[in-house]
Structure formats: structure tokens, C-alpha cells
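The next block holds one structure in the form of C-alpha cells; read it before the comments.
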2 protein chains.
Amino acid sequence: MKQLDFDTDVCEQLCEHDKNVCLAKAEMLVDEDAQSIAETFKILGDPTRVKILHALSKRELCVCDVSAVIGMGQSAVSHQLRLLRGARLVKHRKEGKMVWYSLDDEHISLLLAQGIEHVKHG
Amino acid sequence: MKQLDFDTDVCEQLCEHDKNVCLAKAEMLVDEDAQSIAETFKILGDPTRVKILHALSKRELCVCDVSAVIGMGQSAVSHQLRLLRGARLVKHRKEGKMVWYSLDDEHISLLLAQGIEHVKHG
DNA sequence: CTAATATATGAACAAGTGAACATATATAAT
DNA sequence: ATTATATATGTTCACTTGTTCATATATTAG
């Protein structure tokens, strides 16, 4: 395989398929965007968080309840909810000493559903 | 917080909200499914793979071209394509000594698009 | 056959991650 | 104020992950 010059945007001798490579390069995601998108999927890419999101897609739950539902300690759940919040996948609502969590919007429910569909074979 | 009995499906003294917890538990994803779903998202959760998928969503590319497009070594790209293949996110087609990759189906394109939309704020 | 090219794979290592534990904060009840 | 409850956070550690380097396989050309 030829050694490629990644530093130039000009399409010179890129493997065999200059046109393809040139076009693809022009349309490529910038690092920043790829990073952000990956970040979102990464948060979705953990079984505990998938379970939490799935539970929240049905109804609003407080931390304590999530903990009970998925059978995991309060601390672990709180950590995970923080990550989910950071990725704007869930939102929270304070009520006295309790905090109620739910999905940030219906978008998230869709994303999750598509992931599920892909697995149950799509 | 009360100590919970995770070993029983019977709803006894689960925090304050027995009903919610009981329902949520009944509808919860089984570990196996949560694992599979997370696995898929986990594969989507890496900037390099996001870039690869995005490039492939536009046109079929061979390994060499992907390598050139995203500016990363052939070995690294090959490893990533293997993971993507394992998650049925891409498919491949052999032609002589070259292997052409493309998205496994339009579903994947949608999943990716939804992730992008969520980031560009949805 | 041998050489060259395209891709795949194995090993190793740095960097990142999730869970558990201890502890901190915040609110409510007495 | 003191105690109890609900949640959040900091730290630690075993484990995973992505890249690189070296090498293997496969296909084609000569």
C-alpha cells in the first residue's frame, strides 16, 4: 500500500480511487463533531445505562426507585444518572429531597428504540 | 434509604413508591438484551468509527480508501471495520484483493443521523 | 515459482471506564 | 439543633479499549 499524505487536502496519489477518497474527504465529519457524536453513543453503550433509560422511557422515576428497579446501589445509579444528564439524555426535577428523572425528550426514546430494533434483528 | 431485597420479584418495601418500582421491574429489559443493545451503541461510541460510518453512509469504500479518508493507519482501520462488522453495522464485499465496505442497511444511517441530530441539538 | 499489493490478525501498552466504598450535601422531621 | 432520609461526589481498583508494530493471509502480476 502506498504511503499516504494526510496533511494535504489535495487529492494526489491516494491509493487507486482518487475520486472516492477526494469526495469522502471533503464530506468528512470534523474531529470535533465526530467526538461529540461518539460521546453520546458511548453513554448509550453501557448495559446499566440502557436499563435505566429503558425504565425511564416508561415512567418518571426517582433515584431510589431506579436503584431498586435495576438492582444496583444508589451511588452507582447516581453516577450513571450524572453521565446521562451530562449527555442530555435525561432531565431531572427536584421535589423535596427527592429527584425525579425522565428522558430528556422523545428523541431519546426513538434512539433507544432503534438500537433495540437493530439488535432484535433489523 | 432502606436496604432493598433485589433477589425477589415480589414488591415489598421498595423505597416509597412500590407501584412504580413494581411496574418498572416487570417491564425491565433482561440483562441479555440490555447487554446486546449496549454492545451496539458501544461500537457507535468511538470517534474513529463514527467517522468511518459517516464516510460509508455516503459511498462504498475499500479499506485503503477509508484509511486515506480518515487519516489513520490501515491496521487500525481494519481492526475497527472488524468491530463494525461484528455489530452488523457494516457489510463487506470482496473484489480481487480488495474489500469494499458499506453500511449494513439504511437503518444504520438513520441511527447515525439521529445521533448527529441529538448533538447538533435536538 | 517470486514479488508486490490489500487486508487481516496477534501482542502489547497507555488511556479510559464502571462499580464499590466512604463521605458530603441537602432537605425534612422531631 | 439533632436525626433521618435522598441524592451527589471523590477515590480507588480491576477491567476494557484503541492504537501501534509486527506479521500473517490472500490475491494478482511477472
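Not measured: the values here are computed from a predicted model. Here is how names work: the chains are called A, B, and so on, in the same order as the sequence lines, proteins then strands, and each is numbered from 1.
As a whole-Å value, the separation of Lys42(B) NZ from dT16(D) P is 9 Å. Rounded to whole Å, the distance from CZ on Phe41(B) to C1' on dT17(C) is 19 Å. Met72(B) places its CE atom 9 Å from the C1' atom of dG18(D), with the value rounded to the nearest Å. With rounding to whole Å, Glu95(B) atom CD is found 14 Å from dT7(C) atom C1'. Whole-Å rounding puts the Ile52(B) CD1 to dG18(D) C1' distance at 11 Å. For the pair Gln74(A) CD and dT9(D) P, the computed distance is 11 Å after rounding to whole Å. Spacing between atom CZ of Arg85(B) and atom P of dA8(C) amounts to 6 Å, rounded to whole angstrom units. Spacing between atom CG of Leu81(B) and atom C1' of dT7(C) amounts to 10 Å, rounded to whole angstrom units.
A stacking contact between His79(B) and dT19(D) is absent: the pair does not combine a ring-centre distance of less than 5.5 Å to the base's six-membered ring with planes differing by less than 30°.
Of the side-chain N and O atoms in Lys94(B), one or more sit less than 4.0 angstrom from OP1 or OP2 of dT27(D). Neither OP1 nor OP2 of dT7(D) sits under 4.0 Å from any side-chain N or O of Arg82(A). A sub-4.0 Å separation between OP1 or OP2 of dA8(D) and a side-chain N or O of Tyr101(A) is present.
Both His92(A) and Leu83(B) lie close to DNA chain D; mapped to their nearest nucleotides by heavy-atom distance, the more 5′-ward contact belongs to His92(A). Of the two residues contacting DNA chain C, namely Lys97(B) and Gly45(A), the nearest-nucleotide position lying further toward the 5' end is that of Lys97(B).
For Asp105(A) and Lys91(A), the salt-bridge test fails: no basic side-chain N is under 4.0 Å from an acidic carboxylate O. Looking at Arg93(B) and Glu95(B), a side-chain N of the basic residue comes within less than 4.0 Å of a carboxylate O on the acidic one, giving a salt bridge.
Out of dT7(C), dT9(C), dT17(C), the shortest distance to the side chain of Val63(B) is found at dT7(C). Nearest nucleotide to the side chain of Cys62(A), out of dT7(C), dT7(D), dG18(C): dT7(D). In this structure, of dT27(C), dA8(D), dA8(C), it is dA8(D) that holds the atom nearest to the side chain of Val99(A).
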Apply side-chain contact (heavy atoms from CB on, under 4.5 Å) to residues Gln80(A) and Asp46(A) and explain how you reach the verdict. CA-CA 10 Å; Gln80(A) 300 295 12; Asp46(A) 173 80; 4.0 Å; yes

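A donor-acceptor contact shorter than 3.5 Å is absent between the side chain of His54(B) and the backbone of Arg49(B). Distance alone, capped at 3.5 Å, places no donor-acceptor pair between the Arg82(A) side chain and the Val77(A) backbone.
A donor-acceptor contact under 3.5 angstrom links the side-chain atoms of Ser75(A) to the base of dT9(D).
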